[in-house]
Amino acid sequence: MSRTLVELLQDGLPAEAILTDPDVTSSYAHDMASFCAAGDPAVVVLPRTVEQVQHVMRTATELRVPVVPQGARTGLSGAANASDGCIVLSLVKMDRILEISPVDRIAVVEPGVVNATLSRAVGEHGLYYPPDPSSWEMCTIGGNIGTASGGLCCVKYGVTAEYVLGLDVVLADGRLMSTGRRTAKGVAGYDLTRLFVGSEGSLGIVVRAVLALKPQPPQQLVLAAEFPSAEAACDAVCRIMEGGHVPSLLELMDRTTVKAVNALAQMGLPETTEALLLAAFDTPDPAADLAAVGALCEAAGATQVVPAEDAAESELLLQARRLSLTALEAVKGSTMIDDVCVPRSRLAEMLVGVERIGEKYGLTVGVCAHAGDGNTHPTVCFDATDPDEGRRARESFDEIMALGLELGGTITGEHGVGVLKKEWLAREIGPVGVEMQRAVKAAFDPHSLLNPGKLF
């Protein structure tokens, strides 16, 4: 008599690592995205070792059972959503920082390490891990790698992909492969490390990562500039970047977002503003840099420019920005968070277009943006219990993505494709692009067991 999936998993896993109670497994069915289908997993597995992950994948291959890798499930595209009958492979228990090397300026970590935990740990050595998604207190490094996460500091320091030097990956058949390096330089063979970054768990299971670190920069100072229009704020962004300035952060919040944050946290942000721009510098003399940028903001039409006097005041402003998505969700109870990135020179057109789309569909759409790199997060607020409002939310979401492509942008700057944007990925990369990506998928995962139904 053939043995069941759970029985085979038990051969290489402790009992506490296998969850089968439907009331428990259902809580692992989806991430934080709206309008993304999720199935019922057959079992949830929480391994603690590489060997246990290998056993899961060998079992899955033997029985041809799909596997959905998960981190903290803070994603916003449905990339971590379960499929019916799958093994959910939650990597949150693999949470060790294995090494921090101040000489080599690297950290070696398991995938379940929380971003903020790593950041604080390397800070004790005078080092800095820059990628800082807004969910950095919860999200894991493995999830960040899977979706190629960004954050507030990308304008100066770049995204997750630029900090992943090497990976240990368990392939679909259970084999363990190492990619990349731990050296400062290295160009041996195809860059498979970058291939896995952003692959959303569809090519292999990351079980170890070698991450590049930087020296800890000086404490940054933040400036807040109030503008009478989104166009004026975007003009200031262009002036700042064209002027050769290198802010550590350049963030924009539109009037809808500012009002939502005030309503949620009573932070006293200026509700008379049409757009609030936050700029920060972590240079040796941040006050001088802020003064130069403040002058550019005034030249672009800012009605008020207020530099923070100290780190505490700076952190208060940044906290307002980090609360943006939570605050917008409170407006109607549900949100669809877009993640369209456009050239900085087209940023104003994007914001004006989003406002027009919101008016067309009779919906509240707030925009917060990593303005320094053109990555906008138009957030459609809607009542999920109202079918018509839900329909309008989805249609407006699609129009926003279409607008981004028309402006020479991309459908996702940092959240990934997942379930939410599958059809839009095909539109962006075209039929030849889809064909080649499918070929890559088939080479690594010939039975299509790893996170099926995602990306394309």
Side-chain angles (χ1 to χ4, degrees), residues 116 132-138 151-153 155 219-237 240 247-282 286-287 289-335 337 347 351 354-355 358 363-372 375-381:
D132 63 340
S134 294
S135 59
W136 77 304
E137 292 280 7
M138 298 178 289
L152 304 187
C153 70
V155 62
Q219 179 69 53
Q220 67 180 359
L221 284 180
V222 179
L223 168 150
E226 183 179 352
F227 290 88
S229 69
E231 296 97 319
C234 293
D235 180 31
V237 171
I240 292 166
S248 55
L249 171 148
L250 193 56
E251 297 287 307
L252 185 148
M253 300 162 64
D254 72 353
R255 68 172 180 272
T256 300
T257 305
V258 168
K259 290 179 179 179
V261 170
N262 275 343
L264 179 70
Q266 291 80 49
M267 299 197 72
L269 298 176
E271 294 205 8
T272 55
T273 186
E274 291 295 306
L276 187 68
L277 189 66
L278 303 179
F281 285 88
D282 57 7
D289 290 308
L290 288 183
V293 163
L296 292 175
C297 289
E298 289 173 346
T303 55
Q304 188 172 14
V305 176
V306 181
E309 294 185 359
D310 53 31
E313 195 172 321
S314 294
E315 183 55 36
L316 187 64
L317 289 169
L318 296 185
Q319 182 64 16
R321 170 60 184 87
R322 291 192 181 104
L323 283 173
S324 293
L325 299 182
T326 303
L328 287 168
E329 185 174 4
V331 171
K332 278 291 189 92
S334 297
T335 57
I337 303 170
L347 191 58
L351 266 65
V354 167
E355 184 175 11
L363 294 169
T364 298
V365 183
V367 179
C368 54
H370 308 307
N375 194 177
T376 68
H377 293 310
T379 303
V380 182
C381 307

Could you go through Thr256 and Val365, starting from their C-alpha distance and side-chain angles, then the distance that decides it, and tell me whether this counts as side chain to side chain contact (heavy atoms under 4.5 Å, CB included)? CA-CA 7 Å; Thr256 300; Val365 183; over 6 Å; no
Where do Gln219 and Glu315 land on the side chain to side chain contact (heavy atoms under 4.5 Å, CB included) test, with the steps shown first? CA-CA 10 Å; Gln219 179 69 53; Glu315 183 55 36; 5.9 Å; no
Glu309 CD: over 12 foreign heavy atoms closer than 6.0 Å: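 Check fails, neighbour count at 12 or below.
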Indicate whether the side chain of Gln304 and that of Thr273 have a donor and an acceptor atom separated by less than 3.5 Å.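 Checked: Gln304/Thr273 side chains show no N/O donor-acceptor pair below 3.5 Å.
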Over all atoms of both residues, closest heavy-atom pair of [X] and [Y]:
| X | Y | result |
| --- | --- | --- |
| Glu313 | Pro307 | OE2-O, 4.1 Å |
| Ala260 | Leu328 | CB-CD2, 4.0 Å |
| Ala232 | Ser229 | N-OG, 3.0 Å |
| Phe227 | Ala300 | CE2-CB, 4.3 Å |
| Cys368 | Leu325 | SG-CD2, 3.7 Å |
| Ala225 | Val305 | CB-CG2, 4.2 Å |

Rounded to the nearest 0.5 Å, what separation is found between the [atom1] atom of [X] and the [atom2] atom of [Y]?
| X | Y | atom1 | atom2 | value |
| --- | --- | --- | --- | --- |
| Cys234 | Leu351 | SG | CG | 5.0 Å |
| Leu152 | Leu250 | CG | CG | 11.0 Å |
| Glu355 | Glu274 | CD | CD | 7.5 Å |
| Ile240 | Asp289 | CD1 | CG | 11.0 Å |
| Leu318 | Glu251 | CG | CD | 8.5 Å |
| Met253 | Lys259 | CE | NZ | 13.0 Å |

Step by step, would you call Met267 with Leu323 a side chain to side chain contact (heavy atoms under 4.5 Å, CB included)? CA-CA 10 Å; Met267 299 197 72; Leu323 283 173; 3.9 Å; yes
Flag side-chain contact, heavy atom, 4.5 Å: Cys297 against Val293: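 Touching, per the 4.5 Å side-chain cut-off.
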Evaluate the side-chain proximity of Ser314 to Gln220: yes if any heavy-atom separation is below 4.5 Å, no if none is. no
Checking Thr272 against Glu226 for the side chain to side chain contact (heavy atoms under 4.5 Å, CB included) test, could you report, in this order, the C-alpha distance in whole Å, the side-chain angles of both residues, the deciding distance, and whether it holds? CA-CA 9 Å; Thr272 55; Glu226 183 179 352; 2.8 Å; yes
Out of Asn262, Asp254, Val261, which residue meets the side-chain contact (heavy atoms from CB on, under 4.5 Å) rule with Val258? Asn262
Sole candidate of Leu277, Thr257, Leu278 that passes side-chain contact (heavy atoms from CB on, under 4.5 Å) when paired with Leu252: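 Going through the options one by one, the only one that passes is Leu277.
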Is it true that a side-chain atom of Ser248 and a backbone atom of Ala280 form a donor plus acceptor pair closer than 3.5 Å?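 Side chain of Ser248 to backbone of Ala280, a donor-acceptor pair under 3.5 Å: yes, one is there.
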